[in-house]
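To find a chain, count down the sequence lines: A is the first, B the second, and so on, and within it residues start at 1.
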Amino acid sequence: MACLLAPLTEAVIITAANKLYNKISTKSELIKIKHNKKIEVLNNMLYGGSFLLALEHIYHGEIIFSFPFLTAVRDGNTHQMLTEIATSGVAMALLVTSVWAAGCFIFEQITNTKKGLAI
Amino acid sequence: MCEIITILMAVLFTAVWYRKIKSGIKAKNLFKTALIFWGASLMWLVDCFVNVFEGASFFDISTEDFYLGLIIALSGITLFIVLNITESRKGH
């Protein structure tokens with residue numbers, strides 16, 4: 001119904017947290033750039049995926065362009081919608097984040113292996 | 001069908017990006033678009049499992065879902081074009 005709200009919320013929180021981290025971090029610029037690139041990958045997946053999911057919700061008539069913007073809220077199915085966000089939505093956010101984390105780990109391993117071979 | 005089309009688009013954009021990288025050409029927008037399709041694919045994968053738990057089939061292969069898949073594919077391609085236009089304008 002509105003399960004995209006969970007990954008979208010995660011993306012907004014990560015964007016805000018990253019901006020704060022960049023402000024207060026005392027790490028070197030190189031480390032910050034490396035970190036920001038990884039966060040950019042996660043944000044692309046979360047924001048982009050949420051955008052395409054929003055298109056699907058518009059296609060199925062679950063998102064409308066007038067208040068309250070969600071047909072579930074308009075039709076009195078708010079509880080069902082919140083349950084779906086808490087289950088499907090959170091599962092989506094966790095899956096995307098897990099795949100991203102695994103990708104970062106594999107990339108680090110490959111990079112370290114290449115550095116080791118170069119030496 | 002929507003999930004299948006989204007995965008195919010993700011694989012296609014990833015393959016083209018990888019080929020560009022191997023040729024030494026930076027293809028940041030191809031990578032961004034591939035990530036968008038992969039993100040959507042993973043999110044819809046959860047939906048597929050929810051469908052199975054509710055007694056429906058894993059993939060929805062109806063005509064309606066096929067048209068949705070086409071809309072998603074076209075939207076992703078449009079996003080890619082917009083990213084390229086934005087980047088070329090910043091360059092100027």
Original post:
Are A:M45 and A:V12 joined in one hydrophobic group, where the rule is that I, L, V, M, F, W and Y side chains link up if heavy atoms are under 4.5 Å apart?
Top reply: yes
**OP:** If the plane angle is over 60° it's perpendicular, under 30° parallel, otherwise tilted; pick one for A:Y21 and A:H35.
**Re:** tilted
**OP:** Spell out, yes or no, whether A:L42 and B:W38 are grouped together once hydrophobic residues are joined by side-chain heavy atoms under 4.5 Å, including indirect joins.
**Re:** no
Original post:
For the hydrophobic clusters of this structure (ILVMFWY residues joined by side-chain heavy atoms under 4.5 Å, transitively), does one cluster hold both B:V46 and B:F49?
Top reply: yes
**OP:** Report the option among B:L42, B:L68, B:L45 that has the most heavy-atom pairs separated by less than 4.5 Å from atoms of chain A.
**Re:** B:L68
Original post:
Can you say whether A:S50 sits under 4.5 Å from chain B via the side chain, the backbone, both, or neither, judging by heavy atoms?
Top reply: both
Original post:
Below 4.0 angstrom, N of the basic side chain to O of the carboxylate: do A:E108 and A:K38 qualify?
Top reply: yes
Original post:
Under a 4.5 Å heavy-atom cut-off, does chain B meet the side chain of A:Y47, its backbone, both or neither?
Top reply: neither
**OP:** Using non-hydrogen atoms and a 4.5 Å limit, figure out which bit of B:F31 sits close to chain A: side chain, backbone, both or neither.
**Re:** side chain
Subject >> Atom group of A:V41 that falls short of 4.5 Å from chain B, counting heavy atoms >> reply: both
